[in-house]
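Let me begin by presenting the structure, written as structure tokens, before commenting on it.
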Amino acid sequence: CQLVDPTETVPVSAYPWDGALVPNSDYCNASTPTALTNALVNGVSQNWLGPYNGALYECSFEENIAVLLAGSVRWYEASALTTLWHFGINPFTPADYEAQFTLNKDLFKNYTSYWGRGLGVQSIRGTYQDISVTVDEVNFGQPGVIPRQVQLTISYYQVDTSTKRLVSAGISYPLEYQCVALTSGGLVQQTLLAQGIPQCVQDINGAVASADYLLEVYYISLGWQSLLNYFQFT
């Protein structure tokens with residue numbers, strides 16, 4: 001990511017005649033170094049990053065990725081336009097977000113409010129200050145498939161030199177980085193392979209060789225036209 005000094009930050013003005021249509025502010029969206037475009041998985045070279053990348057985090061699936069869930073799907077298997085979680089457009093205070101509890105004599109916590117459930121958070125639910133983080137309508141998941149790359153894109157409005165306000169957020173699982181995690185040879189696995197989705201690289205025992213994936217967080221400041229389309233000016 002690139003952090004812009006407050007003295008050099010240029011917010012977007014609601015008034016075009018001010019000449020401040022394009023922001024100069026913090027961003028996570030850079031050209032990918034050649035060395036990061038591919039990665040080795042069990043000795044097999046795989047595409048790892050596209051031409052641009054956000055902030056990079058190396059992660060691993062904790063679930064048993066080779067098994068389907070009965071009656072539900074995991075977050076990375078979610079279909080198009082599924083809402084996974086929510087953001088507030090403005091920061092929350094610790095009192096609004098942190099859990100509230102008391103300790104009894106056995107040091108057991110008696111909660112009056114759990115994490116993320118304070119009054120400040122509850123008060124914005126269902127309002128314009130509540131942003132839904134939804135799965136992309138093209139790059140979505142499906143049961144039995146894992147994404148080797150997950151992209152979270154967050155856009156914001158640089159209101160003034162010290163204030164940002166979130167505008168939109170979405171998550172995508174690029175199709176070119178998906179692979180079939182099932183290894184049983186069953187009908188679902190065969191159907192997914194017939195769709196052209198490649199099998200995940202396997203080890204000598206026939207199990208998926210790696211449960212790693214790359215999380216990319218894109219953080220983008222919007223220009224005047226986009227902010228107008230999002231009805232951000234008051």
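Model, not experiment: these values are computed from the prediction. Numbers here simply count residues along the sequence, with the first being 1. No hydrogens, no waters, no symmetry mates; every other heavy atom, side chains included, goes into these values.
Scanning both residues, Val12 and Val22, for their nearest heavy atoms gives CG2-C, 4.4 Å. Contact detail for Pro143 and Val73: the closest heavy-atom pair is CG-CG1, 3.7 Å. Minimum heavy-atom separation, Ile146 to Ala181: CG2-CB, 3.8 Å.
To the nearest 0.5 Å, the span separating CD on Gln158 from OG1 on Thr163 amounts to 7.5 Å. Interatomic distance, Leu214 CG to Cys59 SG, rounded to the nearest 0.5 Å: 7.5 Å. Atom CG in Leu175 sits 4.5 Å away from atom CG in Asn139 (nearest 0.5 Å). Rounded to the nearest 0.5 Å, atoms OH (Tyr76) and OH (Tyr173) are 10.0 Å apart. To the nearest 0.5 Å, atoms CZ (Arg117) and OH (Tyr97) are separated by 10.5 Å. A distance of 11.5 Å separates CG in Asp130 from CG in Leu166, rounded to the nearest 0.5 Å.
The aromatic rings of Phe87 and Trp85 stand perpendicular to each other, their planes meeting at an angle above 60°, with 30° marking the opposite boundary.
In terms of modelled atom types and a separation under 3.5 Å, the side chain of Glu77 and the main chain of Val145 share no donor-acceptor contact. A donor-acceptor contact shorter than 3.5 Å is absent between the side chain of Asp136 and the backbone of Ser172. With Glu216 contributing its side chain and Gly54 its backbone, the two residues share a donor-acceptor pair below 3.5 Å. Counting only distance, with no hydrogens or angles, the side chain of Asn104 and the backbone of Asp106 share a donor-acceptor pair below 3.5 Å. Thr82 places a side-chain N or O within 3.5 Å of a backbone atom of Ser79 that can act as its donor or acceptor partner. At least one donor-acceptor pair under 3.5 Å links the side chain of Thr112 to the backbone N or O of Gln100. Thr161 places no side-chain N or O within donor-acceptor distance of the main-chain N or O of Pro6, the cut-off being under 3.5 Å. A donor-acceptor pair under 3.5 Å is absent between the side-chain atoms of Asn90 and the main chain of Gln129, judged by distance alone. Not one N or O on the side chain of Asn205 forms a donor-acceptor pair closer than 3.5 Å with the backbone of Ala207. Of the possible polar contacts, one joining the Thr37 side chain to the Thr34 backbone as a donor-acceptor pair under 3.5 Å is found.
Ser221 is not listed as a side-chain neighbour of Asp26, based on a closest heavy-atom distance of 4.5 Å or more. Considering only heavy atoms from C-beta on, His86 stays 4.5 Å or farther from Val133 through its side chain. At a threshold of 4.5 Å between non-hydrogen side-chain atoms, the residues Trp224 and Pro16 count as touching. Side-chain contact between Leu68 and Val188: present, with at least one pair of heavy atoms (C-beta onward) separated by less than 4.5 Å. Contact of the Ser60 side chain with the Asp212 side chain is registered, since non-hydrogen atoms from C-beta on lie closer than 4.5 Å. Within the 4.5 Å cutoff, the side chain of Ser31 has heavy atoms near those of the Tyr52 side chain. Residues Val150 and Trp75 are in side-chain contact: their nearest non-hydrogen atoms beyond the backbone lie under 4.5 Å apart. Taking 4.5 Å as the limit, every side-chain heavy atom of Cys28 sits out of range of all side-chain heavy atoms of Val217.
Annotation: disulfide bond (SG atoms under 2.5 Å apart) contacts involving residues 114-169, sequence neighbours excluded, are absent. The stretch residues 177-188 participates, sequence neighbours left out, in no side chain to side chain donor-acceptor pair (under 3.5 Å) pair at all. Listed by first and then second residue, the ring pair (Phe, Tyr, Trp, His ring centres under 6.0 Å) pairs involving residues 151-172 are Tyr156-Tyr219, Tyr157-Phe233 (not counting sequence neighbours). Applying the side chain to side chain donor-acceptor pair (under 3.5 Å) rule to pairs touching residues 61-73 yields nothing, sequence neighbours excluded.
Scanning for side-chain hydrogen bond (donor to acceptor under 3.5 Å, both in side chains) contacts around Asp18 gives Ser13, with sequence neighbours left out. In this view, Gln195 and Gln142 satisfy the side-chain hydrogen bond (donor to acceptor under 3.5 Å, both in side chains) rule, not counting sequence neighbours.
Counting heavy-atom neighbours within 6.0 Å of Glu137 CD, excluding the residue itself, gives a total of 12 or less. Under a cut-off of 6.0 angstrom, the local environment of CG in Leu103 is crowded, with over 12 non-hydrogen atoms contributed by other residues, nucleotides or ligands. Residue Tyr111 places its OH atom among more than 12 non-hydrogen atoms of other residues, nucleotides or ligands, all under 6.0 Å distant.
Defined by atom type and a distance below 3.5 Å, a donor-acceptor pair is present between the side-chain atoms of Ser155 and Ser168.
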Given side-chain contact (heavy atoms from CB on, under 4.5 Å), test Leu49 with Leu56 step by step and report yes or no. CA-CA 10 Å; Leu49 279 173; Leu56 303 177; 3.9 Å; yes
Working note: Gln189 + Gln199, criterion side-chain hydrogen bond (donor to acceptor under 3.5 Å, both in side chains); need CA distance, chi angles, decisive distance, verdict. CA-CA 9 Å; Gln189 180 185 358; Gln199 179 70 51; 2.8 Å; yes
